[in-house]
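Reckoned from all heavy atoms, side chains included, excluding hydrogens, waters and symmetry mates. Chain letters run A, B, ... following the sequence lines, proteins first, then strands; residues in each count from 1.
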Amino acid sequence: MPDGLLKSSITVPDKPALEGLEQKWTARWDADATYQFDRSRPRAEVYSVDTPPPTVSGSLHVGHVFSYTHTDVVARFQRMRGKAVFYPMGWDDNGLPTERRVQNYFGVRCDPSLPYDPSFVAPDKPPKQAIAVSRPNFIELCARLTAEDEKVFEHLWRYLGLSVDWQMTYATIGRRAQRISQLSFLRLLTRGLAYQVEAPTLWDVDFRTAVAQAELEDREQPGAYHRIRFAAADGAAAVGVEIDTTRPELLPACVALVAHPDDERYRPLFGTDVITPLYGVKVPVRAHPLADPEKGTGAAMICTFGDVTDVIWWRELGLPVRAVIQPNGALKPVRFGEAGWESSDAARAQQHYDQVAGLSAVKARVRVVEQLRESGDLLGEPRPITHAVKFYEKGDRPLEILTSRQWFINTMDQREALLARGRELQWHPPYMQARFENWVNGLAGDWCVSRQRFFGVPFPLWYKVGADGSIDYEARLLPSEARLPLDPSTDVPDGYRPEQRNQPGGFAGDPDVMDTWATSSLTPQIAARWEEDADLFARVFPMDVRPQAHDIIRTWLFDTVLRSHFDFDALPWRHAAISGWVLDPDRKKMSKSKGNVVTPMGLLEEHGSDGVRYWAASGRSGTDTAFDPGQMKVGRRLAIKLLNASKFVLANHEPQGAVTAAVDRGLLASLAAIVRQSTDDLEQYHYTRVLERTESFFWSFCDDYLELVKGRRYGDQGAALAASANTALLTALSAMLRLFAPFLPFVTEEVWSWWHESSIHRATWPTAAEVLGPGGGADDARGIEALQFAAAVLGAIRKKKSEEQRPLKTPVAVAVVRAPAALLALLPDVEADLRAAGLIQRLETAPAAALEVEVTLVAAEPVIRDPQP
RNA sequence: GGGCGGUUAGCUCAGUUGGUAGAGCACCGGCUUUACACGCCGGCUGUCACAGGUUCGAGUCCUGUACCGCCCACCA
């Protein structure tokens, strides 16, 4: 029984309505475990989804509703195709956004040096002065707040009708995610694919943490070129070098000047030394091909570190480090004259520097410029410019580059292998693969995965502390995998006692947490319960699809491919379904402020979940889509129409019998073709076409077919032909509802329940053979033509009535159908239906080259109007 | 500077191997038609961005240009 269990009798409400369907059916689906994953099925019969875990510290906006609907449509289709759908839901509650939200919400700040206070209770209202709490206390607050957020999210997802298995949830800060993150990391470490190194690192001075290349963004900022003179070291006054810089405050960090090897202006100076203004520090003039003769004066100041190019020069020219920026962004104290800070006039240098030490970069810049002006080393006035500056995407101040000890995961060596993985993956739409290749080809360094933050997955290891109390980072103490997850700030390495923490001869925990992407990149492993539930893992991994938006191809998609490549030497999924964004009507990305005005729940309540899903499903893979409440209204109308048309079809379903009438066969044959195309399209993630075609078919079903068979189904042409109509109606309705079910889960379930015991979402996806029934295909081409012919004649009659502004129930005195002989030959098949539907009293035919219908209406009754006063 | 998409009706968009330009919305007109007034019927609307080329024939294929959007790189 493809349709599921039939009820013993059909019950149709008098006035079917959409109101309340969301509550009614979400409760039923939950009670019936309609979307529960059947884990008895082998991998070949499973369709598994690597659902994107939304960031719970943010709020859900229209874009989420949009893209999650796409995934749900495909998941529902696969379920109806007979697959056991593994459709988990994760919550991304790990990382900086949560930290910030918790700080503001509770009025606390994390101080990792404090001990855990089990009796700590957060105040009702956040105090003005933030309360310092320990890392475990802080994490408890994070967990508490995210748990509340997750409830709100889950409610919205259920209301939207996502067919998620709510037994299968995870959180990126949860125990499982921590264990898997740590496990994968330890294995990478053992294989030499993760390593720790002290090196220049991108650094956010507000969050005081390292960040990764993938988390950068450019912002246009005002700045200025300052031309500064460096005197020659040997005192030859005529010789000096002028440079342009936008960061004069880094002058004390200058370690060399650089120009292009072929630049004739500077060739004589290569190998000589110059003296920094203000500080009198001797720095060499060097040659490097990355220096651009066209920029500024052609010579540049190399500082440790002003930008990424400085790092390259520093490394390739073997220059020393002379760092001045501290982790908090302020200039650190420096003693001129000491090693590394030798000066030709240490007292003068110190006097200048003391005025900027402790200042932020921006304030120091102002002061340094004043000093340069006073000393006469600033040539001309600063020339204002606007230039792009690198920011951490969540940060407020430009990134600095600091030398620090960080963990990295090897990526640069894997480029070729990753490009091959990208080609192996099936992208929807295919052109999104180019984004991936672009990113891989543009990688500038290995992935920095350590963050100097608190609410994240800790690195699961310790270091030995030497007899002198210093940490020996080479002497790592690694736990056994069985101990994971663990927190080295509270857990103790094997063979040590808690009192030995941070003591000479004892141990110290790694202080950092992992980049949130280092955990998110393991979502397939987390959802599939890697190394915990081997049976489940084998049934769902590698997964079938990763749905996600295009802006995080460089992060989430790339990182996940990388981790799976390392952990399994395989792709984590076969398909990547890339969704677009929701745009404001003015074509800008839907802004957060606007997203908050138009809340998803408000939209769902106003237009109905089916109406909103209808709009969402009109957005093709990869294509940005305009926010359009008009389409939601259209979707809602479609849902209402489904209720009413279904009511009509089911109102009179007896007798049933063989489908023999031409238009009936034509209807089912057309529908069979749609079923075939829809199945193919959905297999290829082309869901928009399926909705369009099905909708278009459904409207012509209502407008033409229903009108044509209205009389016959009640027995006007005898029981056999009534049976033909009723069977065709019921067959078509059943198939259409199932075609609509992935898109409009609520209204289709409601209608289905009028005559079925079980859920439409567990029903079998329709097939062409089922729709055509026994003997299908015999006369179907003729049937399709007959139906189209009849609809065309009916349309001509309506047009005439409309033109003459007469009611549609006006009888037709004479209808002359002129058409080619082949068409006219179909007339006997449809004549009775046509006469009834068009109220045609006399039907004549004549041969003609093209179809043309001449309609003469019966004379109108004289209209008697009351005389106007 | 490199890459990727886009440009079709007032708006949002389809257009699948090249064969007379489509849908919905909006707009206009009409209709109480026992499934639906949360409805029904009908109508109006186009130099398919521009310029070349291939072809009997181009929205569709090729070349170039312009504009819009996104990604990346450079940013002394």
### Message
If I pick the C1' atom on B/U20 and the same atom on B/U60, what distance separates them, to the nearest angstrom?
### Response
15 Å

### Query
Do the side-chain N and O atoms of A/H387 and A/D218 include a donor-acceptor pair separated by under 3.5 angstrom?
no

#### Entry: Straight-line distance of A/L857 CG to A/R806 CZ, nearest 0.5 Å
5.5 Å

### Message
Could you tell me the Watson-Crick or G-U partner of B/U45, where both distances fall under 3.5 Å? Say none if there is no partner.
### Response
none

### Query
Which whole number of Å gives the distance between the P atom of B/G1 and that of B/U65?
12 Å

### Query
Do A/F66 and A/W581 have ring centres separated by under 6.0 Å?
no

#### Entry: Closest nucleotide among B/G43, B/C40, B/U32 to the A/P807 side chain
B/U32

### Query
Does a side-chain N-to-carboxylate-O contact under 4.0 Å join A/D703 and A/R798?
no

### Task
Kindly state whether the ring of A/F436 and the ring of A/W427 have centres lying under 6.0 angstrom apart.
yes

### Query
For A/W615, which contact category applies under a 4.0 Å heavy-atom criterion: base, sugar-phosphate, or nothing?
nothing

### Task
Using atom CZ of A/R798 as one end and atom P of B/C41 as the other, report the distance to the nearest whole Å.
6 Å

### Task
Report which part of the nucleic acid A/K633 touches: base, sugar-phosphate, or nothing (heavy-atom distance under 4.0 Å, all strands).
nothing

#### Entry: Any A/K799 side-chain nitrogen or oxygen under 4.0 Å from OP1 or OP2 of B/G43
yes

### Query
In terms of side-chain heavy atoms of A/D703, which of B/C75, B/C70, B/C40 is nearest?
B/C40

### Query
Which one, B/C40, B/C13, B/G30, comes nearest to the side chain of A/A626?
B/C13

## Note on the structure
With the side chain defined as heavy atoms from C-beta on, A/V634 is closest, among B/C41, B/C75, B/G24, to B/G24

### Task
Give A/A299 one of three labels, base, sugar-phosphate or nothing, depending on what nucleic acid heavy atoms sit under 4.0 Å from its own.
base

### Query
In Watson-Crick or G-U wobble terms, both distances under 3.5 Å, what is the partner of B/C61?
B/G53

### Query
When you compare B/U45 with B/C13, how far apart are their P atoms, in angstrom units rounded to a whole number?
24 Å

### Query
Given atom CZ of A/F305 and atom P of B/C75, what is their separation to the nearest angstrom?
16 Å

### Query
Start at the 5' end of RNA chain B and walk down; is the nucleotide closest to A/A214 or to A/A300 reached first?
A/A214

### Message
Once you apply a heavy-atom cut-off of 4.0 Å, does A/A17 come out as touching a base, just sugar-phosphate, or nothing?
### Response
nothing

### Whole-angstrom distance between B/C25 and B/A9, as gauged at atom C1'
12 Å

### Message
So, taking the atom named CD1 in A/I228 and the one named CD1 in A/I243, what distance separates them when rounded to the nearest 0.5 Å?
### Response
4.5 Å

### Summary
Between CG of A/L857 and P of B/G30 the distance, given in whole Å, is 17 Å

### Query
At under 4.0 Å between heavy atoms, what does A/D307 touch on the DNA or RNA strands: base, sugar-phosphate, or nothing?
sugar-phosphate

### Message
Within the 3.5 Å criterion, strictly below it, is a donor on A/R546 or A/T560 matched to an acceptor on the partner's side chain?
### Response
yes

### Below 4.0 Å: OP1/OP2 of B/C38 and any side-chain N or O of A/K15
no

### Query
Rounding to a whole Å, what distance do you find between A/W581:CH2 and B/G6:C1'?
15 Å

### Message
Can you see if the side chain of A/T623 gets near the phosphate of B/G6 - specifically, an N or O under 4.0 Å from OP1 or OP2?
### Response
no

### Task
Quote, to the nearest angstrom, the P distance that separates B/A37 from B/A23.
26 Å

### Message
Taking any heavy-atom pair under 4.0 Å as a contact, classify A/L706: base, sugar-phosphate, or nothing.
### Response
base

### Query
Base, sugar-phosphate, or nothing for A/A388, non-hydrogen atoms under 4.0 angstrom?
base

### Query
Do the charged groups of A/K647 and A/D14 touch, with an N to O distance under 4.0 Å?
no

### Query
Within the structure shown, what part of the strands sits under 4.0 Å from A/K641 by heavy-atom distance: base, sugar-phosphate, or nothing?
base

### Query
Under 3.5 Å, is there an N or O donor on one side and an acceptor on the other linking the side chain of A/D628 and the base of B/C13?
no

### Query
Using purine N1 to pyrimidine N3 plus N6-O4 or O6-N4 for Watson-Crick, or N1-O2 and O6-N3 for G-U wobble, each under 3.5 Å, what pairs with B/U7?
B/A66

### Message
In whole Å, measure the gap between the C1' atoms of B/G10 and B/C44 for me.
### Response
12 Å

### Query
Can you find a donor-acceptor N/O pair under 3.5 angstrom joining the side chain of A/K801 to the base of B/C41?
no

### Query
Can you check whether A/R637 has a side-chain N or O nearer than 4.0 Å to OP1 or OP2 of B/G39?
yes

### Query
A/S646 near the nucleic acid: base, sugar-phosphate alone, or nothing, with a heavy-atom cut-off under 4.0 Å?
nothing

### Query
Within the pair A/K710 and B/A35, is there a side-chain N or O less than 4.0 Å away from OP1 or OP2?
yes

### Summary
RNA chain B nearest-nucleotide lookup for A/E220 and A/R620: closer to the 5′ end is A/R620

### Side-chain donor/acceptor contact of A/S802 with base of B/G43 under 3.5 Å
no

### Message
Checking contacts here: which listed nucleotide (B/G39, B/C4, B/G29) is nearest the side-chain heavy atoms of A/A434?
### Response
B/C4

### Message
Once you apply a heavy-atom cut-off of 4.0 Å, does A/R554 come out as touching a base, just sugar-phosphate, or nothing?
### Response
sugar-phosphate

### Query
Which nucleotide, B/U16, B/A73, B/G5, lies nearest any side-chain atom of A/Y431?
B/G5

### Task
State whether A/E217 and A/R219 are salt-bridged, where the test is any N-O pair (Lys NZ or Arg NE/NH1/NH2 against Asp/Glu carboxylate O) under 4.0 Å.
yes

### Task
Name the pairing partner of B/U17, where a pair is Watson-Crick or G-U wobble with both distances under 3.5 Å, or state none.
none

#### Entry: B/A37 pairs with, by Watson-Crick or G-U criteria that keep both distances under 3.5 Å
none

### Task
Look through every strand shown and name the nucleotide pairing with B/C74 as Watson-Crick or G-U wobble, where both distances are under 3.5 Å.
none

### Query
Base, sugar-phosphate alone, or nothing: which one does A/K295 contact when heavy atoms must sit under 4.0 Å apart?
base

### Query
With rounding to whole Å, what would you report as the distance between B/U8 and B/G22 at their C1' atoms?
10 Å

### Task
For nucleotides B/G43 and B/U47, find the distance between their C1' atoms and express it as a whole number of Å.
24 Å

### Task
Starting from P on B/G5, measure out to CG on A/L583 and report it in whole angstrom.
18 Å

